Peer 1: 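Encoded as structure tokens, here's the structure I'll be asking about.
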Number of protein chains: 2
Amino acid sequence: MESPTGDNQIGPQGTETTIREAQDAFVASWGQMSGAWGISRTMAEVHALLFVTGEALNTDEVMERLQISRGNASMSLRALLEWGIVSKAHKRGDRKEYFQAEQDVWAMFRAIVRERLKREVEPLIAQIHEIRDLTGVKQKGKADAISAETHLHNERLDELVDFFMTVDQLGQRFASPQGRGLRVAAKMLAKIS
Amino acid sequence: MESPTGDNQIGPQGTETTIREAQDAFVASWGQMSGAWGISRTMAEVHALLFVTGEALNTDEVMERLQISRGNASMSLRALLEWGIVSKAHKRGDRKEYFQAEQDVWAMFRAIVRERLKREVEPLIAQIHEIRDLTGVKQKGKADAISAETHLHNERLDELVDFFMTVDQLGQRFASPQGRGLRVAAKMLAKIS
DNA sequence: TATTTGTTTCAAAAAATACTGAAAACAATG
DNA sequence: CATTGTTTTCAGTATTTTTTGAAACAAATA
């Protein structure tokens with residue numbers, strides 16, 4: 001079939017082809033992980049595309065490159081904006097909106113951690129707290145007539161809440177803008193064998 | 001309807017009812033998180049049930065309590081065994097297999113981290129490495145005729161691999177049996193404000 | 001204000017995923 | 001090795017999630 005788009009096939013054809021293949025392979029690879037992270041395949045692929053090209057693309061370019069519908073592209077891009085790992089951009093003399101991915105990998109994962117704490121960990125802590133209160137408020141002093149079974153149940157939930165609160169606090173530190181320094185700390189810590 | 005099972009309704013009825021409700025609430029709550037973690041709702045619920053009751057239950061008890069089919073229960077339990085957060089147990093004079101959840105919350109998350117590194121992070125590192133090699137092997141010395149675009153592409157993937165390798169190494173330390181000590185370290189680190 | 005261009009929404013369709021239930025495989029016991 | 005009790009498998013079905021595409025909406029232009 002003939003190419004309907006006037007694609008920029010500058011430079012030696014071999015090189016250009018290879019980079020496009022590498023990009024496509026990355027998009028597919030990133031998309032495969034989507035299931036494990038609780039996001040849709042398309043959302044992961046759109047992010048992968050923006051990240052790996054490093055360019056600011058508009059909705060039509062994303063649709064064309066990933067062969068997806070307009071609605072799907074629109075929703076995926078909006079979700080990525082909400083996650084804070086993609087931002088809007090504009091080009092002079094063009095009314096279309098362009099989208100670009102955060103290029104700093106550490107900044108990108110700080111944003112992801114921030115968002116997952118907010119969406120998953122914190123609501124879970126709140127819920128477990130509520131459930132915990134069903135079987136007696138946490139207070140050492142009260143020598144109430146609590147069955148051994150209830151006591152164990154309470155201890156299990158307390159331990160869980162404690163764990164998630166630690167995760168939340170650690171995550172917050174990592175995710176905060178000041179958390180930048182953690183990049184160095186983490187790499188050092190990881191290396192010590 | 002009449003209760004077909006001779007359930008152990010020992011103790012004051014009020015107390016027993018409350019703990020059952022708290023357990024059910026926890027099962028539901030834990031089940032809700034399943035989507036975000038890429039596992040099925042049932043698998044999360046089965047784990048929640050075993051964790052929150054602290055008991056060793058057999059397949060029929062799990063089926064009855066969660067109102068799920070035998071096949072579903074069997075597959076969920078096996079998956080949990082593979083994750084290493086549930087183990088088999090046996091009762092004297094009973095041919096059925098019983099299942100119990102890891103009760104130490106930190107040990108449980110060490111197992112989860114270990115498994116997720118193995119299933120998700122490490123394969124991803126391998127894949128990105130392959131993709132990276134499509135556009136030239138990593139070697140500073142080679143003053144090859146590489147386009148600026150390719151150079152940037154390579155840098156992006158290198159940064160990503162580097163990040164995931166750091167995560168993998170940090171995770172391994174946390175997940176290792178020796179990582180036990182990290183529990184204390186993490187709690188301390190989280191508290192410093 | 002009408003027109004043109006671009007974006008969002010959402011009901012319906014498609015695709016992916018999870019669940020059931022019954023049969024097969026397996027294991028313990030006499 | 002036949003019987004009985006238990007677990008696993010898997011084809012078919014049900015449910016949930018994702019995607020499409022067209023209408024509604026919004027913003028800029030003439």
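Hydrogens, waters and symmetry mates are skipped; everything else that's a heavy atom, side chains included, is used. Lettering follows sequence order; numbering is per chain, from 1. From a predicted model like this one, the values you see are computed outputs, not experimental measurements.
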Peer 1: Specify the residue among S76(B) and Y98(A) whose closest nucleotide of DNA chain C lies further upstream toward the 5′ end.
Peer 2: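 Nearest nucleotide further toward 5': that of Y98(A).
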Peer 1: Tell me which nucleotide among dT7(C), dT9(C), dT8(D) gets nearest to the side chain of R70(A).
Peer 2: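 Nearest nucleotide to the side chain: dT7(C).
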Peer 1: Give the rounded distance in Å between these two atoms: CD of E97(B) and C1' of dC26(C).
Peer 2: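 About 11 Å, once rounded to whole Å.
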Peer 1: Looking at P123(B), is its backbone amide N or carbonyl O close enough to the side chain of R119(B) to form a donor-acceptor pair, meaning the two atoms are under 3.5 Å apart?
Peer 2: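 It does not hold such a pair.
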Peer 1: Can you identify which nucleotide, out of dT8(C), dC19(C), dT20(D), has its nearest atom closest to the T42(B) side chain?
Peer 2: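 The answer is dC19(C), which lies nearest to the side chain.
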Peer 1: Take atom CG of L66(A) and atom P of dT19(D), then tell me their distance rounded to the nearest Å.
Peer 2: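 Going from L66(A) (CG) to dT19(D) (P), I get 11 Å.
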Peer 1: Tell me the interatomic distance from N72(A), atom CG, to dG21(D), atom P, rounded to whole angstroms.
Peer 2: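 Going from CG in N72(A) over to P in dG21(D) covers 11 Å.
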Peer 1: Using atom NZ of K96(A) as one end and atom P of dT7(C) as the other, report the distance to the nearest whole Å.
Peer 2: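 Interatomic distance, NZ of K96(A) to P of dT7(C): 7 Å.
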Peer 1: For M75(B) and for I39(A), locate the closest nucleotide of DNA chain D by heavy-atom distance; then report the residue assigned to the nucleotide nearer the 5' terminus.
Peer 2: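 The answer here is M75(B).
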Peer 1: Count the heavy atoms belonging to other residues, nucleotides or ligands that lie under 6.0 Å from NE2 of H151(A), then report whether that count exceeds 12.
Peer 2: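 Atom NE2 in H151(A) is not packed in, count stays at 12 or less.
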Peer 1: Specify the closest pair of heavy atoms between L50(B) and Q103(B), including all atoms of both residues, with the distance to one decimal.
Peer 2: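 For L50(B) and Q103(B), the tightest heavy-atom pair comes out as O-NE2, 3.9 Å.
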Peer 1: Can you tell me how far P of dC19(C) sits from CE of M63(B), to the nearest Å?
Peer 2: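 Between P of dC19(C) and CE of M63(B): 14 Å.
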Peer 1: Just how far, in rounded Å, is P of dG6(C) from NZ of K88(A)?
Peer 2: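 About 15 Å, once rounded to whole Å.
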Peer 1: For a quick test of reading the model: is some side-chain N or O of R41(B) closer than 4.0 Å to OP1 or OP2 of dT17(C)?
Peer 2: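 So the side chain of R41(B) is outside the cut-off, no N or O lying under 4.0 Å from OP1 or OP2 of dT17(C).
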Peer 1: Among dT19(D), dT9(C), dA18(C), which nucleotide sits nearest the side chain of S40(B)?
Peer 2: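 Given the options dT19(D), dT9(C), dA18(C), the side chain of S40(B) is closest to dA18(C).
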Peer 1: Regarding R173(B) and Q178(B), do their side chains bring together a donor and an acceptor under 3.5 Å, going by distance alone?
Peer 2: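 Looking only at side-chain atoms, Q178(B) and R173(B) do not form any donor-acceptor pair under 3.5 Å.
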Peer 1: Select one nucleotide: of dG6(C), dT7(D), dC10(D), the one nearest the side-chain heavy atoms of D94(A).
Peer 2: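 Minimum distance to the D94(A) side chain belongs to dG6(C).
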Peer 1: Using the six-membered ring wherever Trp is involved, compare the ring planes of W106(A) and F174(A) and label them parallel, tilted or perpendicular (cut-offs 30° and 60°).
Peer 2: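 Judged by the thresholds at 30° and 60°, the geometry between W106(A) and F174(A) is tilted.
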Peer 1: Measure from the side-chain heavy atoms of S74(B) and tell me the nearest of dT8(C), dT8(D), dT6(D).
Peer 2: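 The closest nucleotide is dT8(D).
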Peer 1: Could you please name the option among dT8(D), dT20(D), dT7(C) that lies closest to any side-chain atom of I68(A)?
Peer 2: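 Given the options dT8(D), dT20(D), dT7(C), the side chain of I68(A) is closest to dT20(D).
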Peer 1: Rounding to an integer number of Å, can you tell me how far E64(A) CD sits from dG6(C) P?
Peer 2: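 Nearest whole value for this atom pair: 16 Å.
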Peer 1: Base of dT5(C), side chain of R95(A) - is there a donor-acceptor contact under 3.5 Å?
Peer 2: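 A donor-acceptor contact between them is present.
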Peer 1: Whole angstrom is fine here: how far is it from CZ in R92(B) over to P in dA28(C)?
Peer 2: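 Taking atom P of dA28(C) as the reference, CZ of R92(B) is at 18 Å.
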